[in-house]
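Step one of this worksheet: look at the structure below.
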Amino acid sequence: MRVAFLGPPGAGKGTQARDLAREWGVLHLATGDMLREAVTAGTPLGRDAKRYMEQGALVPDEIIIGAMAERLGARDAAKGFILDGFPRTIAQAEALARLLKDLGQTLDAVVYFDVSEPELLRRLTGRRVCRACGHPYHLTSSPPKRAGVCDTCGGELYQREDDREDTVRNRLEVYRRQTAPLLDYYRQRNLLATVPGEGAIAAIRDAVRAAAGAER
Ligand code: AMP
């Protein structure tokens with residue numbers, strides 16, 4: 001199984017990718033998580049990426065493409081993967097196609113999560129994430145049992161710097177300008193499958209399974 005999840009920030013790609021990667025026994029490769037870990041660890045990648053991320057801008061293509069080339073070439077990626085948050089530009093999509101070709105692999109599907117803009121704003125500004133395990137919560141629609149504490153691991157919940165409203169608006173604009181053109185790119189290549197990204201998490205998961213061809 002080799003699929004990419006495409007959609008604006010807050011569309012629910014990470015939630016679904018986490019569950020389905022476990023179910024399918026493949027890697028969940030979330031570039032945003034990789035970059036946040038690099039920033040926290042203070043690696044060269046993290047130092048390069050930090051200022052772009054803080055503004056809600058995209059990290060330059062050559063940086064992210066280099067990091068993904070390394071990751072996709074690693075042995076554990078041979079069992080399959082869900083790409084979450086990559087590619088985000090046409091240049092990244094072209095680089096991904098080249099990378100996979102070199103590895104003798106192809107993408108099975110690109111799943112687009114369709115969510116309205118008011119809903120994205122609501123989700124992102126209310127999102128809280130566990131610092132320790134990355135589990136996502138929402139202040140009103142999926143709150144933790146104890147405020148500020150992760151149900152799964154007891155870690156501290158925090159609001160991502162880039163989930164504040166002004167940065168969220170910028171991220172949505174960046175998505176419209178730089179990432180939305182990928183919809184046509186993958187549609188033309190007969191890889192795009194759209195799922196409605198609003199509703200119950202389990203119902204969306206069923207739709208993603210079908211869209212990714214996991215039921216064939
Ligand atoms: P995310 O967690 O996917 O919303 O990503 C958080 C931030 O990481 C984005 O706002 C970008 O600054 C950066 N980022 C993540 N993935 C990419 C990518 N594929 N290309 C460029 N920047 C990225």
Side-chain angles (χ1 to χ4, degrees), residues 3-18 21 27-72 77 81-100 107 110-113 115 117 119-131 133-138 157-183 185-186 197:
V3 295
F5 286 1
L6 184 62
K13 305 183 296 294
T15 300
Q16 297 294 342
R18 190 170 291 119
L27 285 187
H28 172 203
L29 294 179
T31 42
D33 290 346
M34 279 167 55
L35 292 169
R36 276 184 292 279
E37 280 161 22
V39 170
T40 305
T43 65
L45 171 66
R47 283 198 294 276
D48 287 342
K50 189 165 189 261
R51 62 196 159 108
Y52 299 101
M53 296 173 74
E54 279 170 354
Q55 292 161 10
L58 293 186
V59 171
D61 285 333
E62 62 274 17
I63 295 179
I64 199 84
I65 289 168
M68 284 307 277
E70 204 172 298
R71 196 62 198 87
L72 287 172
F81 50 73
I82 298 175
L83 301 179
D84 165 11
F86 178 89
R88 255 168 148 113
T89 63
I90 296 281
Q92 291 180 19
E94 288 171 344
L96 174 64
R98 281 194 302 273
L99 277 171
L100 292 178
L107 268 188
V110 175
V111 181
Y112 166 58
F113 289 66
V115 179
E117 185 147 338
E119 174 65 9
L120 294 172
L121 267 173
R122 188 194 71 80
R123 287 186 187 179
L124 288 166
T125 54
R127 175 160 70 180
R128 297 294 182 271
V129 184
C130 175
R131 245 185 232 292
C133 74
H135 192 95
Y137 294 87
H138 189 276
L157 305 188
Y158 79 112
Q159 181 177 41
R160 277 170 48 176
E161 193 68 42
D162 62 351
D163 279 345
R164 293 170 202 271
E165 185 162 343
D166 49 343
T167 314
V168 162
R169 288 190 188 278
N170 192 34
R171 289 165 66 203
L172 292 175
E173 179 55 31
V174 165
Y175 170 79
R176 267 193 299 275
R177 259 197 342 264
Q178 296 186 266
T179 308
L182 288 179
L183 293 176
Y185 177 92
Y186 283 119

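All values below were derived from every heavy atom in this structure, side-chain atoms included, with hydrogens, water molecules and symmetry-related copies excluded. Remember, it's 1-based here, ligands and their atoms both numbered in the order they're listed.
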Can you tell me how far OH of Tyr185 sits from CG of Leu6, rounded to the nearest 0.5 angstrom?
12.0 Å
Value for CZ (Phe86) from CZ (Arg71), rounded to nearest 0.5 Å, stands at 13.0 Å
Backbone N or O of Gln178 within a donor-acceptor pair of the Arg88 side chain at under 3.5 Å?
no
Just list the N/O pairs, ligand 1 to protein, that are under 3.5 Å apart, with the distance for each.
| residue | atom | partner | partner atom | Å |
| --- | --- | --- | --- | --- |
| ligand 1 | 2 (O) | Arg36 | NH1 | 3.0 |
| ligand 1 | 2 (O) | Arg36 | NH2 | 3.0 |
| ligand 1 | 2 (O) | Arg160 | NH1 | 3.3 |
| ligand 1 | 2 (O) | Arg160 | NH2 | 3.2 |
| ligand 1 | 3 (O) | Arg88 | NH1 | 3.0 |
| ligand 1 | 3 (O) | Arg88 | NH2 | 3.2 |
| ligand 1 | 4 (O) | Arg88 | NH2 | 3.3 |
| ligand 1 | 4 (O) | Arg160 | NH2 | 3.3 |
| ligand 1 | 4 (O) | Arg171 | NH2 | 3.0 |
| ligand 1 | 12 (O) | Ala57 | O | 2.6 |
| ligand 1 | 16 (N) | Thr31 | OG1 | 2.8 |
| ligand 1 | 16 (N) | Gly85 | O | 3.4 |
| ligand 1 | 16 (N) | Arg88 | NH1 | 3.1 |
| ligand 1 | 19 (N) | Gly85 | O | 2.9 |
| ligand 1 | 19 (N) | Gln92 | OE1 | 3.0 |
| ligand 1 | 20 (N) | Gln92 | NE2 | 2.9 |
| ligand 1 | 22 (N) | Val59 | N | 3.0 |

Could you work out, with ring pair (Phe, Tyr, Trp, His ring centres under 6.0 Å) as the rule, every residue matching His28, not counting sequence neighbours?
none
For Tyr175, give me all partners under ring pair (Phe, Tyr, Trp, His ring centres under 6.0 Å), at least two apart in sequence or on another chain.
none
Sequence-distant partners of Glu62, side chain to side chain contact (heavy atoms under 4.5 Å, CB included), two or more places apart
Pro60
